[in-house]
Trainee: 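One structure coming up, written as structure tokens, with questions to follow.
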Amino acid sequence: MASSSTIAPKLDIDLHVKYIQNLDKKKDYTYHLTEHLRLNGVYWGLTALWIMGRQDALDREEMIKYVLSCWDEVAGTFGAHPGHDGHILGTLSGIQILIMQDAIDRVDVDRITKFLLARVAPNGSVSGDEFGESDTRFSYIMASALSLLGRLDDLDALYDGKGRDLVVQNIVDSMNFDGAFGTEPGAESHGGQVWVAVGALALLDRLHMVDNELLGWWLSERQLPNGGLNGRPEKLEDVCYSWWDLASLSIIGKIRWINGDKLINFILDAQDLEDGGIADRKGDWVDVFHTVFGVAGLSLLGYPGLQDIDPLYCMPADIIEKRGLKKPYFARPRMEQYPESS
Amino acid sequence: MHGIKRSRLSAQAEEAKRIKEQAKIEAYVGLQDDVLARKRSKDYTTEALKKTTDLLDLNPEFYTIWNYRRHIFLRGLFPNTNLQGIVKLLSTDLRLTMAYLQVHPKVYWIWNHRKWCLENCPDGPEGTEGWKNEFWKMELLVVEKLLDSDARNFHAWAYRRYILASLPKSYTPQRSAQDELRYTRKKIESNFSNFSAWHCRTKILAGVWEGLSEAQVQSQKDQEFELVRQALWTDPEDQSGWLYHRWLIGSQPPEPTLRRELESIKELNEAEPDSKWCLNALAHYLLLFAGSPWTETEEADNARKEAKEILRRLAEIDSDRKERYQDLGKPPQVIRAVLMILSFSTIIKLC
């Protein structure tokens with residue numbers, strides 16, 4: 001398989017682990033300005049560590065305590081940080097972390113379920129909080145969170161037994177002629193929204209509503225000559241689409257439709273080899289968001305030495321399997337070495 | 001962090017930066033603690049509102065503060081003023097979020113708050129929709145301005161859809177689908193690569209065509225083919241026009257349309273023999289042609305052969321996606337599934 005002209009560096013796991021461990025130490029101005037992403041950030045960091053086989057690099061008990069401290073008693077769910085309002089975005093991260101740390105019994109699952117179900121509007125759209133902004137991102141979050149909590153049956157019971165179908169219909173209405181999905185019915189197709197829509201439909205056992213050939217085509221055309229993937233036609237490549245687009249391709253069984261080696265090289269090139277972490281593209285500042293989606297993409301692409309990731313949940317595959325939640329998907333087989341042969 | 005170049009500071013410069021930032025951090029944290037304490041104590045006063053503005057000036061992504069701000073309005077300020085007063089307060093927030101959007105045009109929370117302001121605009125004055133009409137008029141200008149500075153901003157396109165879908169009943173001049181078609185056409189003609197505008201056009205036209213006869217639809221489609229042809233000939237490597245073309249063709253095009261478009265693309269292919277998008281479209285339309293009920297067997301066979309040859313070529317010139325082209329060159333999955341069932345039943349019979 002053709003790869004780029006220069007040889008990409010290897011994935012520097014030790015350095016990235018150190019980078020993640022240090023995230024909480026450098027308390028600069030930006031650190032304070034990004035508090036609204038803190039709980040997501042912990043999930044991103046932990047997931048990245050898990051993929052790299054280093055899930056113990058952060059203190060488990062301290063992490064669980066932090067998650068529980070994000071609880072918003074008024075909303076009955078997690079906010080982004082202590083003192084922040086409960087929101088569906090923080091909710092999923094909190095649940096994911098507690099599941100990964102095997103501590104979901106330490107939270108009021110009934111109350112979270114109630115919060116999640118209250119987000120579903122009669123037209124099947126799903127809102128983020130009481131103020132009602134709705135987005136197919138939140139449909140995914142609701143489905144993923146309920147599934148992880150083992151409470152999808154409660155969705156079925158909503159609206160005279162039509163809960164699941166309403167949510168599914170709203171997602172399907174967000175599908176465009178190109179087979180891809182937007183934030184809401186009428187909105188332009190976008191790689192991130194494709195993943196949430198395809199992921200949600202897969203979690204809700206409605207994947208057959210996706211046109212795999214058409215969507216696979218649209219997704220495969222996200223790859224640019226430099227190997228990176230973009231999120232929309234004629235836009236720039238970005239490492240985070242190495243998750244959104246790639247995981248979608250994996251779920252619909254079309255991961256072979258792009259050049260995997262070129263994408264591996266693109267992600268590896270975006271590493272900061274001095275201080276660790278992965279950026280949106282080569283030479284830019286790194287962050288934990290691009291770090292997790294970079295290594296998650298590498299895992300799906302079969303990069304050696306990494307743990308398997310489940311493309312529906314963006315969580316370690318063995319945890320999903322152990323909970324009996326595994327659904328079909330197609331990842332590239334794990335390589336012994338990269339490049340495979342010289 | 002998106003698109004910010006990494007640069008290294010010396011240890012000394014790093015330390016200087018840290019010290020310089022220290023005062024900024026202290027001021028920020030102090031303000032944040034104050035606002036969150038007020039929120040906890042349910043302080044819904046003008047003073048509290050002012051503090052939330054100060055904090056949002058520094059960090060418009062702090063969604064909790066937007067929530068608090070709305071609670072200050074709903075629980076403290078609105079109940080203590082008249083409708084005119086409410087409109088005045090909402091106007092202030094529309095101005096505020098406009099200023100924020102100029103710096104942060106992609107922050108969801110700012111757009112949300114703007115929408116909330118509109119949704120809370122009361123009817124009036126005196127039985128009219130005067131206030132609402134003023135607000136919506138401004139919003140149309142605002143969203144055009146934001147789309148002028150970034151024609152692909154999907155937040156702005158979503159907001160435009162929302163504004164148009166929720167126009168007050170008495171709004172003048174009345175807006176029609178034709179206005180939107182003109183707008184998207186203007187956007188497309190200033191940049192054929194603006195897929196957001198092409199996408200928007202697919203939605204508007206689908207709505208318009210619902211109420212028209214088949215002949216009327218066809219005549220409008222032909223105009224669209226004319227428009228997209230300009231884009232394809234201008235830059236055959238730009239995806240936007242090709243995607244739109246595929247939408248226009250759809251899954252069951254009339255025979256004359258498909259024949260004409262195949263001819264036209266073949267012509268382009270002769271001028272640009274290595275254009276991948278051109279070949280890609282040819283392969284797809286040839287297969288569509290071969291599968292159409294009106295195609296004679298011999299023509300269909302020839303089209304399939306031609307498509308297969310193009311797919312083979314595509315696998316070479318667009319090798320990143322060669323596996324897709326190889327899959328497309330194989331017999332359709334349905335046929336394979338039927339073959340499998342047939343072979344199973346043969347085995348069963350043999351047993």
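Letters A, B, ... mirror the listed sequences (proteins, then strands); counts begin at 1. Predicted, not measured: the structure shown is a model, and the values here were computed from it.
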Trainee: When the ring planes of B:Tyr28 and A:Tyr29 are compared, do they come out parallel, tilted or perpendicular, using 30° and 60° as the limits?
Mentor: perpendicular

Trainee: Determine yes or no for a side-chain-to-main-chain donor-acceptor pair under 3.5 angstrom, with A:Glu234 supplying the side chain and B:Gln239 the backbone.
Mentor: yes

Trainee: Would you say A:Asn259 and B:Ser319 make side-chain contact, with heavy atoms under 4.5 Å?
Mentor: no

Trainee: Considering all heavy atoms of both residues, which atom of A:Phe177 and which atom of B:Thr202 are nearest to each other, and what is their separation?
Mentor: CE2-CG2, 3.9 Å

Trainee: To the nearest 0.5 Å, what is the distance between CD1 on B:Ile25 and OH on A:Tyr31?
Mentor: 11.0 Å

Trainee: Which atoms of A:Pro185 are under 4.5 Å from chain B, going by heavy atoms: the side chain, the backbone, both sets, or neither?
Mentor: backbone

Trainee: Counting only heavy atoms closer than 4.5 Å, note whether B:Glu26 contacts chain A via side chain, backbone, both or neither.
Mentor: neither

Trainee: Does B:Lys5 have more than 12 heavy atoms from other residues, nucleotides or ligands lying within 6.0 Å of its NZ?
Mentor: yes

Trainee: Could you tell me which of A:Gly186, A:Ser220, A:Gly83 has the largest number of non-hydrogen atom pairs under 4.5 Å with chain B?
Mentor: A:Gly186

Trainee: The test is ring-ring contact (aromatic ring centres under 6.0 Å, His included); show your working for A:His84 and B:Phe62 and say whether it passes.
Mentor: CA-CA 9 Å; A:His84 291 228; B:Phe62 203 153; 4.7 Å; yes

Trainee: Looking at A:Glu184, A:Arg232, A:His87, A:Arg281, which makes the most heavy-atom pairs under 4.5 Å with chain B?
Mentor: A:Arg232

Trainee: Given a strict heavy-atom distance threshold of 4.5 Å, which part of B:Trp242 is in contact with chain A: side chain, backbone, both, or neither?
Mentor: neither

Trainee: Are the side chains of A:Glu133 and B:Trp116 in contact, using a 4.5 Å heavy-atom criterion?
Mentor: no

Trainee: Is any side-chain heavy atom of A:Trp285 closer than 4.5 Å to a side-chain heavy atom of B:Ser7?
Mentor: yes

Trainee: Shorter than 4.5 Å, heavy atoms on both sides: which option in B:Gln326, B:Lys17, B:Lys276, B:Arg18 has the most such pairs with chain A?
Mentor: B:Lys276

Trainee: Name the member of B:Asn280, B:Asp318, B:Leu328 that forms the most heavy-atom pairs with chain A at distances under 4.5 Å.
Mentor: B:Asn280

Trainee: A:Asp272: which residues meet the salt bridge (Lys or Arg N to Asp or Glu O under 4.0 Å) condition with it, sequence neighbours left out?
Mentor: B:Arg6, B:Arg8

Trainee: Top residue by heavy-atom pair count (under 4.5 Å) with chain A, among B:Gln32, B:Glu21, B:Arg161?
Mentor: B:Arg161

Trainee: Between A:Asp178 and chain B, which part of the residue has a heavy atom less than 4.5 Å away: side chain, backbone, both or neither?
Mentor: side chain

Trainee: Does any backbone or side-chain atom of A:Leu89 lie under 4.5 Å from a heavy atom of chain B? Answer side chain, backbone, both or neither.
Mentor: side chain

Trainee: Between A:Glu130, A:His190, A:His32, A:Lys235, which shows the greatest number of heavy-atom pairs under 4.5 Å with chain B?
Mentor: A:His32

Trainee: Counting heavy-atom pairs closer than 4.5 Å to chain B, which one of A:Glu35, A:Lys27, A:Lys26 comes out on top?
Mentor: A:Glu35

Trainee: Counting the benzene-type ring for Trp, do A:Phe131 and B:His71 have ring centres under 6.0 Å apart?
Mentor: yes

Trainee: Are A:Asn176 and B:Lys203 close enough, and set up right, to give a side chain to side chain donor-acceptor pair (under 3.5 Å), and what steps lead you there?
Mentor: CA-CA 9 Å; A:Asn176 293 309; B:Lys203 298 290 173 186; 2.8 Å; yes

Trainee: If we only count heavy atoms from C-beta on, is the B:Arg152 to A:Glu188 side-chain gap below 4.5 Å?
Mentor: yes

Trainee: Looking at A:Trp217, I'd like to know if the NZ or CZ of B:Arg246 sits under 6.0 Å from its six-membered ring centre while staying within 45 degrees of the ring's axis.
Mentor: yes

Trainee: Going through the distances and angles, do B:Asn59 and A:Leu33 end up as a side chain to side chain contact (heavy atoms under 4.5 Å, CB included)?
Mentor: CA-CA 6 Å; B:Asn59 188 5; A:Leu33 287 185; 3.7 Å; yes

Trainee: For B:Arg321 versus A:Trp257, what's the shortest heavy-atom pair and its separation?
Mentor: CG-O, 3.3 Å

Trainee: Name the region of A:Glu221, side chain, backbone, both or neither, that has any atom closer than 4.5 Å to a heavy atom of chain B.
Mentor: both

Trainee: So which residue, B:Lys39, B:Arg40, B:Lys115, B:Gln22, ends up with the most heavy-atom pairs under 4.5 Å with chain A?
Mentor: B:Lys39

Trainee: Is B:Asp238 in contact with chain A via its backbone, its side chain, both, or neither, using a 4.5 Å heavy-atom distance?
Mentor: both

Trainee: Side chain from CB out, backbone as N, CA, C, O: work out which of these in A:Arg256 comes under 4.5 Å of a heavy atom of chain B, or both, or neither.
Mentor: both

Trainee: So what's closer than 4.5 Å to chain B heavy atoms on A:His81: side chain, backbone, both or neither?
Mentor: neither

Trainee: How would you list, in number order, the residues of residues 63-70 of chain B that have a heavy atom less than 4.5 Å from chain A?
Mentor: B:Tyr63, B:Thr64, B:Asn67, B:Arg70

